Each structure stands twice: as C-alpha cells, then as structure tokens.
Amino acid sequence: MTSTTATSPRGPALVRAVGVWALAASIFNVTVGGGIFRLPAGAAAAAGPAAPFVYLICAAVMGFVVLCFAEAGSRITLTGGPYAYVEAVFGRYVGFLAGVLLWMLGTTAVAGVSSAFAEGLGALFNMPSLRVPVLVTMFTVLALVNMRGVEQGTKLIVVASIAKLLPLIAFVAIGVFFIQPENLAITEMPGPSSLARAAIVLVFAFSGVETALVPSGEVRDPARTVPRALAIAMIGVTLLYLAVHLVAEGLLGASLATSTTAPLAFAAESFLGAPGRLLLLVGASISMFGYVSGMTLAVPRALFRFAEDGLLPKVVGSVHPQYRTPHVAIVIQTILVCALAVFNSFEQLAVISNLAALLLYAGCAAATFMLRKRGIRQEGAVPFSVPGGPLVPFITIGLIAWLLTSITQAEWTVLLLTLAVATAFYFVAARAGAKSTT
C-alpha cells in the first residue's frame, strides 16, 4: 500500500505510514514498560491481596480515557496527539500547557525507565560502571534508527514488543500451576483513600497512550486506525497485568510486598530456579529497552509541533529532506532525556510523570466533549463516536479528580512551578513573535 502524506505549510511533509497493528504495538509497547516487572510488589504493598481491585480501578479510569482519546484522535489528525486535541478546542495557550504536560510526562517517564534499565543491566552483569556507557550508546542508536524514518522506528517497536512478552507469557503459563490458593484470599479491603493512593502509583504502569498517539500526522486513515489500535492495545495490557499479578501473588503471598527489587524474578526463581530468575531479569531489560524505543519515536514529535506553532525556533520543526522525519527534534529530545537519565533515578522522575498524565487526561476528556459538540472532524471521514455520548468525558474527569485527591502538596508544588516557568516562556515567545511582525 502506498503511503499518503500529511500536508504541511512548510517544507516536505511527514509520511503517513503507521497502520493499525504498528500503532497498537507502539501503544502496547509504550504502556507495558519496565514497570510490569516491579509493579506487583508496589501493588501488594499498597493494597495487599486486594491489589487486583486497584488494577481494575486503573483499567476503568484508563478505559474511559482511551474512549476519549479514540474519539478525539479520529477527529483531530495533526501531529501532536493530545496537545493537538486540547488546542483545537481551548486555544493556543491552553493547548501549549497540554503540550508541556505531554512533553513533561513523556520526558520524565522515559528518563526514569532508562535510568532503571541501565542500573538493571549493570546489576545483571555485576558491572555498575556500565550505567553511563549503556545510556549513551542506547540513545545514540535509537536516535539514528528513528531519524531514518517512522517505519523503521515502528518496526523496532514491534520486534521489542514480541521479545519482551515471551518471558512474561512463560511466567504466567508455567507459574499458574504452582499458585497457592490461600495466598489470594482477601481478608480486608482498603478504604477509598488508600485505594486512590494505590491507584495513583499504578497509573504509571497504565500510562503511555498519550505519547504513542503524538505521531498522529503519520498515521494512515486515523479515523479508523486510532480507535482500533487503542482497543487492541488496552485490552491486552489489562489482561496481561492482572495475569502477572495474580500469579506472582499466588506464588509469594505476603512476601510479594517486600520483594521490591525484582518481584517477578524472585517469584520465577521459586518454581524455575536460577534459570527462571535470569529469564525474568533479561525480560525486564528487554521490556525497558522497548519502552524507551517507543518513547524515542513518540516524544520528539511534541517538540516538532511546538516549533510548527512558533513556540520553539523554526529549526526544531525541520523535516529531514531524505528520511522525512523531524530529525532536529529527535536529536534535541534524545540529548535531554539521556542527561536526565544519567543524573536522576526512576523514583525521582516518576511522580511528575503520573501527575502530568492525569491532568492531561482530564484536559483531553474535556476536549472530546467540545469536539463532538462543535462537530469538528477530518474532511470526508466519519469520526468514531464514544458510546454513552457526553457522559463518558464527564465520568472520566470525575474519576481523575478522585485520584488527584491523593496527590501531596509537595507533588503539586513541583508541577505548578514547572507550568509557571512554561507560562513565562510562552508569553516571552509570543511577545517576541509580535515584535517580529511589526
């Protein structure tokens, strides 16, 4: 099938080369990152044997969010994803803030996972000094691959998605026969506030949809591709998470909550011995690398869109004349994320990613309602309509508001300061643009 191109007022156009399964693989890969290999311990510590209910809460919240993304993505097909959805409804400034949230959550998340990946690889080979060389080498390779074309980037993601699934499937398929049923017994349910805080922790494991949708300007037939890819990816993610946690809890019981370093590897060792532990450790490394590769494809497109809108220097919005990719944005983003990963840990970066994601989701839910109300759609296409109509965006916002009640004052302070700095940058750039036109 011949790829179509996304129109652009400046320079060569981006290539519409991403289909349903490539986009679904990208969403699945970005969502199922390295967190799945550490997730069960945190969930068990937060909610005990009732942890599967927290997974279901997160899945429900993300299900409503995904419905909003599906409709918005079928109506607004510009590169930028959620940033473009919000801007189309609420204007340039609010859209800019949504773009900052998108960029912030993607940048901090991928930097944190990259840091954990390098540390894990160093531990696997008992060579902690590998951390910095691994980070530099990995980001150099990923930047070069994605600069050569979006098709090459998505092919790498598909390969990584398949490779990282194998140890998880083996863990579930074999471990299910060694489950101790008494380990799954629920003796007490946590209160609503505890469930909300536990869900906030697990949101990181379910997030990623928003960044995988940033290259919407490079998706074939978005009105058809985006909803189908979202459904395929999110159903798969939810089923995988529940299966992995139930097997891990069934194997380890209460000790799962204390196995914070590598809970799945510890659980696999209980029935497969040292080879099982090695398999899951290698699987964690592959998973983290796959996550980083997916984000290296997606996140630079946010910088590209900022530049297209005049909020960053025009050179950042350059499209490579041969490969038709935003090569300057890819280089800038890769250098920044590599630096953050070198000097910070996963724990330091993850909290900002979670809070930014929830606020962005709420903004996209509100935008979805307004896009439908105003009848905005791609010319000649029939957009996807969310079942339940306007109720879904309002339910989504309500669920997110409940989760945000568990955010601490310190976490709010960090986010608000970041947005304040971004706001100052926005108005300085707008003033400079106004002067240049006079």
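Any value given below was found using the heavy atoms of this structure, including those in side chains, with hydrogens, waters and symmetry copies removed. No experiment lies behind these values; they were computed from the predicted model shown.
- At distances below 3.5 Å, not a single donor-acceptor pair connects side-chain atoms of S353 with backbone N or O atoms of T108.
- For A329, the side chain to side chain contact (heavy atoms under 4.5 Å, CB included) partners are P300, L303, F304, V316, P326, not counting sequence neighbours.
- Not a single donor-acceptor pair under 3.5 Å links the side chain of Y361 to the backbone N or O of V61.
- Taking CG of L359 as the reference point, atom CG of L97 lies at 10.5 Å (rounded to 0.5 Å).
- With sequence neighbours excluded, the residues that form a side chain to side chain contact (heavy atoms under 4.5 Å, CB included) with V282 are L124, L278, I286.
- The main-chain N or O of A111 is never found under 3.5 Å from a side-chain atom of S115 such that the two would form a donor-acceptor pair.
- When atom types are taken as modelled, the side chain of R277 and the backbone of A268 share no donor-acceptor pair closer than 3.5 angstrom.
- When every heavy atom of F90 is checked against every heavy atom of M370, the shortest pair comes out as CZ-CG, 4.3 Å.
- Using the six-membered ring where Trp is involved, Y55 and H245 have ring planes that are tilted, between 30° and 60° apart.
- With hydrogens and angles disregarded, a donor-acceptor distance shorter than 3.5 Å links the side chain of T405 to the backbone of W402.
- Taking the side chain as every heavy atom from C-beta outward, L403 and L399 never approach each other to under 4.5 Å.
- Between V65 and C364, the closest side-chain pair of non-hydrogen atoms is not below 4.5 Å.
- Atom CZ in F64 sits 11.0 Å away from atom CD1 in I400 (nearest 0.5 Å).
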